[in-house]
Colleague: 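One structure coming up, written as structure tokens, with questions to follow.
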Amino acid sequence: GSSLAGSVAGSAIGNAMFGGGGSSAPAPAAPAPPAPPSGSAVIMAWRSKETRDANPDRLDLDRRELDQCPELVDEHRLRLLNYQHNAIARISRLELTRNLVFLDLYANAVEKIAGLECVPQLRVLMLGRNRIKSIGAGLVKLQRLDVLDLHNNEIASTSGLNSLANLRILNLAGNKLVSLGDLGSMRNLHELNARRNEIGDLARRCGSRGDLVDPRIFPEPRLPPNLKRMFLSHNKVAALAHVTPLRGLEQLEELSLDGCPIDSTPRYRSSVVAAVRVTVRTLDGKPVTADDRDGIDPGESIGGIDRGGID
């Protein structure tokens, strides 16, 4: 999961009541919403004026067995909207919530990134654990987006992300990527999580599979130039040559490659540290030591003395 995804779910923001679609009836204190057209399957959600005025900018609709985004009545002041743990397949009905800055659809059934052009102020978008196979052009209008979580989907290409010039944090863990593609225009990206994919050579557009690919889908790889933290654990990186593009990242501070074939090679830590920037201070969650930088394995025997036994 994600700490950001959990922050909204933990907020007590009052109960929303539903009309249309056969859900529970509203409490007596809540006014009835406008009736949907006859025969409509649209779900409507509303709160009493008192509840809405107490928390006008937050609405929590997680775990409501929703299969669609409901019509939100009189919620134009909303800034944080939580739809976690439902069965929503399509993002829709956000036209009256144009002030949203945080939208959480973690653990739904979303198949396509679309319907977001009406929330251009969005800063955080949580779409982890859905059924998304491609990114497409659905994010183009979100030029203020700061955090994007797409972990545990079925995404095979990063095409469509390069337009997010202001994105700072990107989570692509647990997808089907064989290449990171062209992310060179993402100059503000500081953190990239691509754990648990199928990425091999960072310099090759076809990743670790070696098969021929369409260059329109897998363009020549370019990494975000100002990246500070990069997580590549449990991929298919097997050799130092596969990570040489990281040397061009002048601000890289933290790197993870644990669970990749390369982490079982001799002098793994010192070799990786030497291959990337001197700015790297943390490798696989552990601080880079002087021995790592000097190319010395603390466990190896030097001059007949086992360094591991020296106090």
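Residue indices begin at 1 and follow the sequence shown.
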Colleague: To the nearest 0.5 angstrom, please state how far the CG atom of Leu255 sits from the OG1 atom of Thr282.
Modeller: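 Here the interatomic distance stands at 10.0 Å.
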Colleague: Check for a donor-acceptor pair, side chain of Arg93 on one end and backbone N or O of Glu71 on the other, with a separation under 3.5 Å.
Modeller: no
Colleague: Quick one: does any side-chain atom of Asp67 pair with a main-chain N or O of Ala87 as donor and acceptor, under 3.5 Å?
Modeller: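 No, because the side chain of Asp67 does not come within donor-acceptor range (under 3.5 Å) of the backbone of Ala87.
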Colleague: Give a yes or no answer on whether the side chain of Thr158 reaches the backbone of Leu180 with a donor-acceptor pair at less than 3.5 Å.
Modeller: yes
Colleague: Any donor and acceptor pair, going by atom type alone, linking the side chain of Ser134 with main-chain N or O of Gly136 inside 3.5 Å?
Modeller: no
Colleague: Of the options Asn153, Ile155, Ile88, which is the one that meets Asn130 in a side chain to side chain contact (heavy atoms under 4.5 Å, CB included)?
Modeller: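 Running side chain to side chain contact (heavy atoms under 4.5 Å, CB included) over Asn153, Ile155, Ile88 with Asn130 returns exactly one hit, Asn153.
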Colleague: Are any non-hydrogen side-chain atoms of Val273 and Val280 less than 4.5 angstrom apart?
Modeller: no
Colleague: Does Leu66 offer a backbone N or O that forms a donor-acceptor pair with the side chain of Asn86 under 3.5 Å?
Modeller: yes
Colleague: Give the cluster check for Leu177 versus Leu223: same hydrophobic cluster or not, with ILVMFWY residues linked at side-chain heavy-atom distances below 4.5 Å.
Modeller: yes
Colleague: What verdict does the side-chain contact (heavy atoms from CB on, under 4.5 Å) test give for Asp149 and Met126, after you've listed the backbone C-alpha separation in whole Å, the side-chain angles of each residue and the deciding distance to 0.1 Å?
Modeller: CA-CA 5 Å; Asp149 182 5; Met126 314 298 286; 3.5 Å; yes
Colleague: Between the side chains of Asp284 and Ser256, does any donor sit under 3.5 Å from an acceptor?
Modeller: no
Colleague: Determine the minimum heavy-atom distance between Arg77 and Asp53, stating which atoms define it.
Modeller: NH2-OD1, 2.8 Å
Colleague: Is it true that atom CZ of Arg79 has more than 12 heavy atoms of other residues, nucleotides or ligands lying nearer than 6.0 Å?
Modeller: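 No.
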Colleague: So do the side chains of Arg129 and His151 get within less than 4.5 Å of each other, counting heavy atoms only?
Modeller: yes
Colleague: Can you tell me how far CG of Leu167 sits from CG of Leu142, rounded to the nearest 0.5 angstrom?
Modeller: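 Answer rounded to 0.5 Å: 10.0 Å.
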Colleague: Is the shortest side-chain heavy-atom distance between Arg195 and His234 below 4.5 Å?
Modeller: no
Colleague: Strictly distance-based, threshold 3.5 Å: is any side-chain N or O of Asn226 a donor or acceptor partner for the main-chain N or O of Leu189?
Modeller: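 Absent.
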Colleague: Hey, does Asn197 have a side-chain heavy atom less than 4.5 Å from the side chain of Val178?
Modeller: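 A side-chain contact under 4.5 Å is absent here.
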Colleague: Between Gln251 and Arg277, is there a side-chain donor-acceptor contact under 3.5 Å, judged purely by atom types and distance?
Modeller: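 The criterion, which ignores hydrogens and geometry beyond distance, is not satisfied for Gln251 and Arg277.
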Colleague: Could you tell me if the side chain of Pro56 sits less than 4.5 Å from the side chain of Glu75, heavy atoms only?
Modeller: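 No - every pair of side-chain heavy atoms lies 4.5 Å or more apart.
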Colleague: Quick check for you: to the nearest 0.5 Å, what is the distance between Cys69 atom SG and Leu105 atom CG?
Modeller: 6.0 Å
Colleague: Report the residue from Asp60, Asn108, Asp104 that forms a side chain to side chain donor-acceptor pair (under 3.5 Å) with Gln84.
Modeller: Asp104
Colleague: Could you tell me the separation between the OG atom of Ser271 and the CD1 atom of Ile262, rounded to the nearest 0.5 Å?
Modeller: 8.0 Å
Colleague: How far apart are the C-alpha atoms of Glu253 and Lys228, what are their side-chain angles, what is the distance that settles it, and do they pass the salt bridge (charged side-chain N to carboxylate O under 4.0 Å, His left out) test?
Modeller: CA-CA 5 Å; Glu253 298 174 356; Lys228 294 183 178 181; 5.1 Å; no
Colleague: Check step by step if side-chain contact (heavy atoms from CB on, under 4.5 Å) holds for Leu161 and Met186.
Modeller: CA-CA 8 Å; Leu161 290 175; Met186 303 180 75; 4.2 Å; yes
Colleague: If you compare all heavy atoms of Leu61 against all heavy atoms of Pro70, which two are closest, and at what distance to 0.1 Å?
Modeller: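 In terms of heavy atoms, the two residues are closest at CD1-CG, 4.1 Å.
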Colleague: Checking Glu254 against Arg229 for the salt bridge (charged side-chain N to carboxylate O under 4.0 Å, His left out) test, could you report, in this order, the C-alpha distance in whole Å, the side-chain angles of both residues, the deciding distance, and whether it holds?
Modeller: CA-CA 5 Å; Glu254 184 172 357; Arg229 295 174 294 279; 5.1 Å; no
Colleague: Please answer whether the main-chain N or O of Asp292 pairs with a side-chain N or O of Thr289 as donor and acceptor at a distance below 3.5 Å.
Modeller: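 Checked: pair present.
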Colleague: Can any side-chain N or O of Asn175 pair as donor or acceptor with the backbone N or O of Leu150 at less than 3.5 Å?
Modeller: yes
Colleague: Would Leu192 and Leu183 count as a side-chain contact (heavy atoms from CB on, under 4.5 Å) here? Give the steps.
Modeller: CA-CA 11 Å; Leu192 173 56; Leu183 303 178; 4.2 Å; yes
Colleague: Could you tell me which non-hydrogen atom of Ala165 sits nearest to which non-hydrogen atom of Asn188, and how far apart they are?
Modeller: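 Where Ala165 meets Asn188 most closely, the heavy atoms are O-ND2, 3.0 Å.
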Colleague: Provide the full list of ring-ring contact (aromatic ring centres under 6.0 Å, His included) pairs with a residue in residues 69-100, sequence neighbours left out, each pair given once.
Modeller: His85-Tyr106
Colleague: Looking at every heavy atom in both Leu139 and Ile135, which two are closest together, and how far apart are they?
Modeller: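 Looks like CD1-CG2, 3.7 Å.
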Colleague: Going by the side chain to side chain contact (heavy atoms under 4.5 Å, CB included) test, name the single residue among Leu80, Leu81, Thr51 that passes it with Leu59.
Modeller: Leu81
Colleague: Out of curiosity, does Val237 fall in the hydrophobic cluster containing Phe231 (side-chain heavy atoms, cut-off under 4.5 Å, transitive links)?
Modeller: no
Colleague: Is it the case that Arg90 and Gln68 place a side-chain donor and acceptor less than 3.5 Å from each other?
Modeller: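 Judged by distance alone, the side chains do not pair up.
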Colleague: Taking the side chain as everything from C-beta on, heavy atoms only, tell me whether Leu148 gets closer than 4.5 Å to Ile169.
Modeller: no
Colleague: Under a single-linkage definition using a 4.5 Å side-chain heavy-atom cutoff for Ile, Leu, Val, Met, Phe, Trp and Tyr, are Val288 and Tyr268 assigned to the same hydrophobic cluster?
Modeller: yes
Colleague: Using modelled atom types only, decide if a donor and an acceptor are shared between the side chain of Gln143 and the backbone of Ser163 within a distance under 3.5 Å.
Modeller: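 Yes, Gln143 side chain to Ser163 backbone: donor-acceptor pair under 3.5 Å.
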Colleague: Yes or no on side-chain contact (heavy atoms from CB on, under 4.5 Å) for Thr265 and Leu240, after CA distance, side-chain angles and deciding distance?
Modeller: CA-CA 10 Å; Thr265 58; Leu240 285 177; over 6 Å; no
Colleague: Might you point out which heavy atoms bring Met230 and Leu232 nearest each other, and give the distance in Å?
Modeller: CE-CD1, 3.8 Å
Colleague: Start with the C-alpha distance between Arg144 and Gln121, add both sets of side-chain angles, then the distance that settles side-chain hydrogen bond (donor to acceptor under 3.5 Å, both in side chains), and finish with yes or no.
Modeller: CA-CA 6 Å; Arg144 303 190 67 180; Gln121 306 302 316; 2.5 Å; yes
Colleague: State the CG-CZ distance between Asp258 and Arg269, to the nearest 0.5 angstrom.
Modeller: 10.0 Å
Colleague: List the atom of His242, the atom of Lys236, and the distance in Å for their closest heavy-atom pair.
Modeller: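 So the two residues come closest at ND1-O, 4.4 Å.
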Colleague: Are the side chains of Phe102 and Arg58 in contact, using a 4.5 Å heavy-atom criterion?
Modeller: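 When only atoms from C-beta onward are counted, Phe102 and Arg58 do not touch, as no gap falls below 4.5 Å.
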Colleague: Just to verify, what does Glu117 make a salt bridge (Lys or Arg N to Asp or Glu O under 4.0 Å) with, not counting sequence neighbours?
Modeller: none
Colleague: What distance separates Glu191 CD from Arg168 CZ, expressed to the nearest 0.5 Å?
Modeller: 8.5 Å
Colleague: Less than 4.5 Å apart, any side-chain heavy atom of Val73 and any of Arg47?
Modeller: no
Colleague: Sub-3.5 Å donor-acceptor pair from the side chain of Asn193 to the main-chain atoms of Leu172, do we have one?
Modeller: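 Side chain of Asn193 to backbone of Leu172, a donor-acceptor pair under 3.5 Å: no, none is there.
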